[in-house]
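Computed from a predicted model, the values in this text were never measured in an experiment.
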Amino acid sequence: MASLSLHLSLLELINKNYSSLKITIMKGNEKLIVVLNSLLAEELTAINQYMVHSEMCENWGYGKLHKAIRKQAMDEMFHAKWLIERIIFLEGAPTVSKLNPMKIGKTVLEMINNDNDDELNAVKEYNEAIKLGREVQDQGSVDLFTKILKMEEGHVDWAEKQRAQVEQMGLENYLNAQTENSAS
Ligand SMILES: [Fe+2]
Ligand SMILES: [Fe+2]
């Protein structure tokens with residue numbers, strides 16, 4: 001009887017240690033996984049918004065804008081892929097079915113302004129995610145957020161350049177320069 005109870009308490013001890021070991025090694029921080037999934041929803045939304053904007057520009061004959069916006073859609077695809085990889089690595093479940101409301105512009109200027117707002121928001125959110133990653137001591141996630149943040153800053157920069165050009169040369173001249181046949 002004594003040996004049976006010793007055996008049982010040994011089993012309990014092993015189980016207890018194993019489960020705490022599992023939590024330490026395998027699980028990513030739950031709050032961080034929620035943030036990773038929320039960023040993923042934004043990236044998936046951005047991919048769709050940029051694909052629509054890019055195709056609208058193609059349809060209007062603005063080949064240069066079509067290519068530039070399509071390149072950004074591809075960047076966002078990489079961001080989504082990296083976030084999914086990270087969530088899986090942290091043993092969370094990536095949610096790929098959630099999209100946020102899309103902000104499709106009706107004109108080129110509206111598109112650029114909408115995309116600029118979204119990119120500024122992305123910069124803010126990745127900065128917040130970096131802060132959380134540091135708090136929960138997840139350097140791998142901090143590194144990923146930092147890599148994406150720099151690309152989002154590049155997207156903001158691109159949108160700001162377009163807005164500056166529209167302001168300086170006028171919308172007509174700007175759009176004229178966006179056709180494939182234009183010199184610039
Ligand atoms: Fe992104
Ligand atoms: Fe972006």
Aromatic plane relationship, H53 with Y50 - under 30° parallel, 30 to 60° tilted, over 60° perpendicular: tilted
Least distance between heavy atoms, N37 atom then A93 atom: ND2-O, 3.0 Å
Donor-acceptor contact present, side-chain E55 to main-chain M51, <3.5 Å: no
Heavy-atom donor-acceptor pair, N127 side chain to V123 backbone, under 3.5 Å: yes
Full working for side chain to side chain donor-acceptor pair (under 3.5 Å) between E76 and H155: CA-CA 10 Å; E76 311 303 0; H155 294 166; 3.1 Å; yes
Residues E42, H79; criterion side chain to side chain donor-acceptor pair (under 3.5 Å); working and verdict: CA-CA 10 Å; E42 289 194 359; H79 299 170; over 6 Å; no
Worked verdict on Y174 versus Q162 for side chain to side chain donor-acceptor pair (under 3.5 Å): CA-CA 8 Å; Y174 171 80; Q162 311 314 303; 2.7 Å; yes
Over 12 non-hydrogen atoms of neighbours within 6.0 angstrom of CD in E30: no
4.5 Å side-chain heavy-atom contact, K67 and E180: yes
Nearest heavy atoms of C57 and I69, plus distance in Å: SG-CD1, 4.0 Å
Test item: N48 side-chain N/O and L44 main-chain N/O as donor-acceptor pair under 3.5 Å: yes
Pairing residues for Q139 by the side-chain contact (heavy atoms from CB on, under 4.5 Å) criterion, not counting sequence neighbours: V142, D143
Polar side-chain atom of T95 near backbone of K98 as donor-acceptor pair, under 3.5 Å: no
Under 3.5 Å: donor-acceptor pair, side chain of T45, backbone of N100: yes
Test side-chain contact (heavy atoms from CB on, under 4.5 Å) applied to M74 - qualifying residues, sequence neighbours left out: R70
N116 side chain vs A159 backbone, donor-acceptor pair below 3.5 Å: no
Any side-chain heavy-atom pair of L36 and I84 under 4.5 Å: no
Any donor-acceptor pair under 3.5 Å from N176 side chain to E172 backbone: no
Nearest heavy atoms of L40 and A80, plus distance in Å: CD1-O, 3.7 Å
Audit row: D138, R86, salt bridge (charged side-chain N to carboxylate O under 4.0 Å, His left out) steps and yes/no: CA-CA 11 Å; D138 182 344; R86 189 73 196 161; 2.8 Å; yes
Carboxylate-amine/guanidinium contact E85 K81, below 4.0 Å: yes
Under 3.5 Å donor-acceptor, H66 side chain and S54 backbone: yes
Within-4.5 Å side-chain heavy-atom neighbours: M56 and I104: yes
Closest non-hydrogen atom pair, A68 against W158: CB-CZ2, 3.7 Å
Carboxylate-amine/guanidinium proximity below 4.0 Å for D118 and K103: yes
Joint cluster assignment, I87 & V34, ILVMFWY side-chain distance < 4.5 Å: no
